[in-house]
Amino acid sequence: MILLLSCQAEPNLINVPSYSRSEWNHWVDSDGDCQNLRNELLIAQSLIDVSYTGMDQCYVRDGKWLDPYSNQYYLLASDLDIDHVVPLAYAHQAGGYRWSDNVKERFANDPDNLLIVDDGINQSKGSKGPADFVPEYSQCEYARIWLLVSEKYELLINEPDLMVIDNIMESCE
């Protein structure tokens with residue numbers, strides 16, 4: 001299999017500034033309707049009509065979602081996280097630290113890089129790359145997203161992560 005990204009050495013991490021999540025403006029309310037991106041994704045991807053925590057309908061309370069990482073259904077929004085498949089901290093280390101605030105915000109809110117998943121799984125994943133975390137289910141989708149997003153934002157994927165992605169993609173053919 002020929003990968004879309006060349007296998008590059010990790011960037012020189014000596015000159016990379018410390019990662020700060022606050023520099024990556026995420027869960028924005030771009031249309032000003034009081035529903036931030038997290039809630040808009042929950043609404044759009046629920047398999048049934050959602051209900052809200054209040055009359056203003058800003059925050060989703062429940063619905064029905066299939067977590068691609070666990071292959072389980074969830075009914076409470078509070079049991080779910082929106083996963084950055086390519087984590088913000090990983091993107092920072094892979095070249096994103098050089099980006100403008102606008103590009104960081106675009107990356108942090110890019111639906112191509114976001115999945116609704118079990119909050120426990122997402123928290124255990126943290127900022128790990130594929131060499132350290134691969135979901136039990138939907139591995140082909142996970143690897144495809146890594147490649148798509150990394151190419152879209154010209155991120156460097158370190159060799160161990162690229163090898164895992166390559167192995168997954170070979171099994172998906």
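As the structure is a prediction and not an experimental result, all values here were calculated from the model. In what follows, every heavy atom counts, from backbone to side chain, and hydrogens, waters and symmetry copies are set aside.
- Annotation for D31: atom CG counts as buried by contact number, over 12 foreign heavy atoms lying within 6.0 Å.
- Using a distance-only test at 3.5 Å, with no hydrogens or angles considered, no donor-acceptor pair links the side chain of N25 to the main chain of E105.
- Summarising the local packing, CG of D101 is surrounded by 12 or fewer heavy atoms from other residues, nucleotides or ligands at distances under 6.0 Å.
- Between D110 and K152 there is a salt bridge, since a side-chain N of the basic residue sits under 4.0 Å from a carboxylate O of the acidic one.
- Looking at S46, its side chain never comes within 3.5 Å of a backbone N or O of G63 through a donor-acceptor pair.
- For the side-chain contact (heavy atoms from CB on, under 4.5 Å) with D83, the lone residue among D81, V85, L80, V86 that qualifies is V85.
- A cation-pi arrangement, defined by a distance under 6.0 Å to the six-membered ring centre and an angle within 45 degrees of its axis, is absent between K128 and Y90.
- Between the side chains of N39 and N36, at least one donor-acceptor pair of N or O atoms lies under 3.5 Å.
- Classification of the W99-F107 ring pair by plane angle, with boundaries at 30° and 60°, yields tilted.
- At least one donor-acceptor pair closer than 3.5 Å links the side chain of S100 to the backbone N or O of V103.
- Between the side chains of Y69 and D118, no donor N or O sits under 3.5 Å from an acceptor N or O.
- W146 places no side-chain N or O within 3.5 Å of a backbone atom of I165 that could act as its donor or acceptor partner.
- The 12-atom threshold is not exceeded at OH of Y59, counting heavy atoms of other residues, nucleotides or ligands nearer than 6.0 Å.
- To the nearest 0.5 Å, atom CG of residue L114 and atom NE2 of residue H26 are 10.5 Å apart.
- In this structure, W27 has its ring center closer than 6.0 angstrom to the ring center of H84.
- Checked by atom type and distance alone, the side chain of S150 never pairs as donor or acceptor with a backbone atom of L147 at under 3.5 Å.
- In this structure a side-chain-to-backbone donor-acceptor pair under 3.5 Å is present from R61 to Y52.
- When only modelled atom types and interatomic distance are considered, D67 and Y73 share no side-chain donor-acceptor pair under 3.5 Å.
- When only modelled atom types and interatomic distance are considered, D119 and N122 share no side-chain donor-acceptor pair under 3.5 Å.
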